[in-house]
Structures are given as C-alpha cells and as structure tokens.
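Heads up, the thing below is written out as structure tokens.
Just so it is clear, the structure is predicted and the values come from calculations on it, not from any experiment. Each chain gets a letter, A, B and so on, in the order its sequence line appears, and its residues count up from 1.
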Amino acid sequence: MKLTKLQKKIYNLLIKIPEGKITNYKLLAKAIGKPKNWREIGKILNQNPFSEKYHCYKVVKSDGKIGGYKFGIKKKITLLKKDGIIIINNRVKNFSKILFRF
DNA sequence: GTCGTGACTAGCC
DNA sequence: CGGCTAGCCACGA
C-alpha cells in the first residue's frame, strides 16, 4: 500500500475531527498547506483505502452540501446523523456551527 | 513526456 | 435561490 504525502496528511487530519463535527474540502486543503488541492482530497477520499477507520464522511462541500460518498450520499447522511448532525435536503443544518476548523 | 480527470470552489447571471 | 463556467493541482495511464 503506497500512500502519497497528501494521503498521509489528510488521513491524519481526518482522525482529528471530533465527534459531532464536520469539515469541508477547502479547510482540509488549507490544513495540509495547499489550499488549492481540494481536488486531490476528493480523489483521495474516493480511493478510500481505510473507509472504516477514518471519518471520511465528515467531509462536506464548502456550502454545506453533502458532496459525495463512495457508498452513496445516503449512507453518508446516515453516518452523519449518527453523530448528531442534522441533514435537510442534502444540506447540513447548522453547518457553520458544527464546522470544525483545524 | 503528455493527457485526462476528479467526493470541488468561487464568481457571475 | 439555482444553474452554468472556468480554474486548479497532483496522480495515474
């Protein structure tokens, strides 16, 4: 299993997200020091080698929309709800409040 | 070495 | 609001 630098950083950050909080691609990109690399992040999360260990479902779009998920956004929503996050019309309620800034 | 592409973003109408 | 557009970078084929 070969991980790119970005992968390592991203996964490392993902596990830092506290329960009940979410983040978005842009913040994640900023956190790894490359604000314009959100594209890569989406790709990497899609590869998703550790989908069960890492909280990849806690990553949403910058406007609070769910974005995507390898197993379908339905699954993603279910997982988010388990964390106490409310989803309405494919959008996160209280988005700015539960948004976790690194 | 070159080309295509993505779980996106921001800006404009 | 919403839909459309251009821009962006690293990775894999």
Exercise for the section: May I have the distance from D63(A) (atom CG) to dT9(B) (atom P), rounded to whole angstrom? Expected result: 7 Å
Handout entry: I41(A)-I15(A) co-clustered via ILVMFWY side chain contacts under 4.5 Å
Key = yes
Exercise for the section: Toss me the dot-bracket line for DNA chain C: Watson-Crick and G-U wobble, both under 3.5 Å, 5' to 3', using | for pairs to another strand and [ ] for crossers. Expected result: .||||||.|||||
Problem - Distance (rounded to the nearest 0.5 Å) between I87(A) CD1 and N90(A) CG - result: 8.5 Å
Exercise for the section: For a side-chain contact (heavy atoms from CB on, under 4.5 Å) with F95(A), tell me which candidate from D63(A), I86(A), I22(A) qualifies. Expected result: I22(A)
Fill in the blank from the handout: Of all heavy-atom pairs linking I98(A) and K93(A), the shortest is CD1-O, 4.0 Å
Exercise for the section: Quick one: which residue pairs count as a ring pair (Phe, Tyr, Trp, His ring centres under 6.0 Å) with a foot in residues 13-39 of chain A, not counting sequence neighbours? Expected result: none
Completion exercise
note: I66(A), atom CD1; dA7(B), atom P; distance rounded to Å ~ 16 Å
Completion exercise
In whole angstroms, the gap separating C1' of dA7(B) from CG of N90(A) amounts to 13 Å
Problem - Given DNA chain C, 5'-ward residue of the pair W38(A) and L6(A), judged by closest heavy atom - result: W38(A)
Can you pull every protein N or O that's under 3.5 Å from an N or O on nucleotides 2-6 of chain B?
none

Fill in the blank from the handout: Heavy-atom nearest pair, L13(A) first then A31(A), reads CD1-CB, 3.5 Å
Exercise for the section: Could you tell me the separation between the NZ atom of K9(A) and the P atom of dA10(C), rounded to a whole number of Å? Expected result: 12 Å
Fill in the blank from the handout: Closest non-hydrogen atoms of K21(A) and K97(A), given as atom of the first, atom of the second and distance, are NZ-O, 3.9 Å
Problem - Spacing of NZ belonging to K36(A) relative to NZ belonging to K26(A), to within rounding of 0.5 Å - result: 10.0 Å
Fill in the blank from the handout: note: I10(A), atom CD1; dC11(C), atom P; distance rounded to Å ~ 10 Å
Distance-only donor-acceptor hits, side chain of residues 66-82 of chain A, under 3.5 Å, sequence neighbours excluded:
unit_1: K76(A); atom_1: NZ; unit_2: V59(A); atom_2: O; d: 2.6
unit_1: K76(A); atom_1: NZ; unit_2: I66(A); atom_2: O; d: 3.0
unit_1: K76(A); atom_1: NZ; unit_2: G68(A); atom_2: O; d: 2.9
unit_1: T78(A); atom_1: OG1; unit_2: K74(A); atom_2: O; d: 2.9

Heteroatom pairs (N/O) under 3.5 angstrom, protein to nucleotides 10-13 of chain B:
unit_1: dA10(B); atom_1: OP1; unit_2: K26(A); atom_2: NZ; d: 2.1
unit_1: dA10(B); atom_1: OP2; unit_2: S62(A); atom_2: OG; d: 3.4

Practice task
Would you check if Y54(A) and I10(A) make a side-chain contact, meaning some heavy-atom pair closer than 4.5 Å?
Solution key: no
Practice task
Could you check which residues of residues 28-36 of chain A get a heavy atom under 4.0 Å from DNA chain C? Sort them by number, please.
Solution key: K34(A), K36(A)
Fill in the blank from the handout: Assert: residue with more 5' nearest nucleotide on DNA chain C, out of N37(A) and R91(A), is R91(A)
Exercise for the section: Give the minimum heavy-atom separation between L14(A) and C56(A), together with the two atoms involved. Expected result: CD1-CA, 4.2 Å
Handout entry: Non-hydrogen side-chain atoms of E40(A) and T4(A) separated by less than 4.5 Å
Key = no
Handout entry: Side-chain touch T23(A)/F102(A), heavy atoms, less than 4.5 angstrom
Key = yes
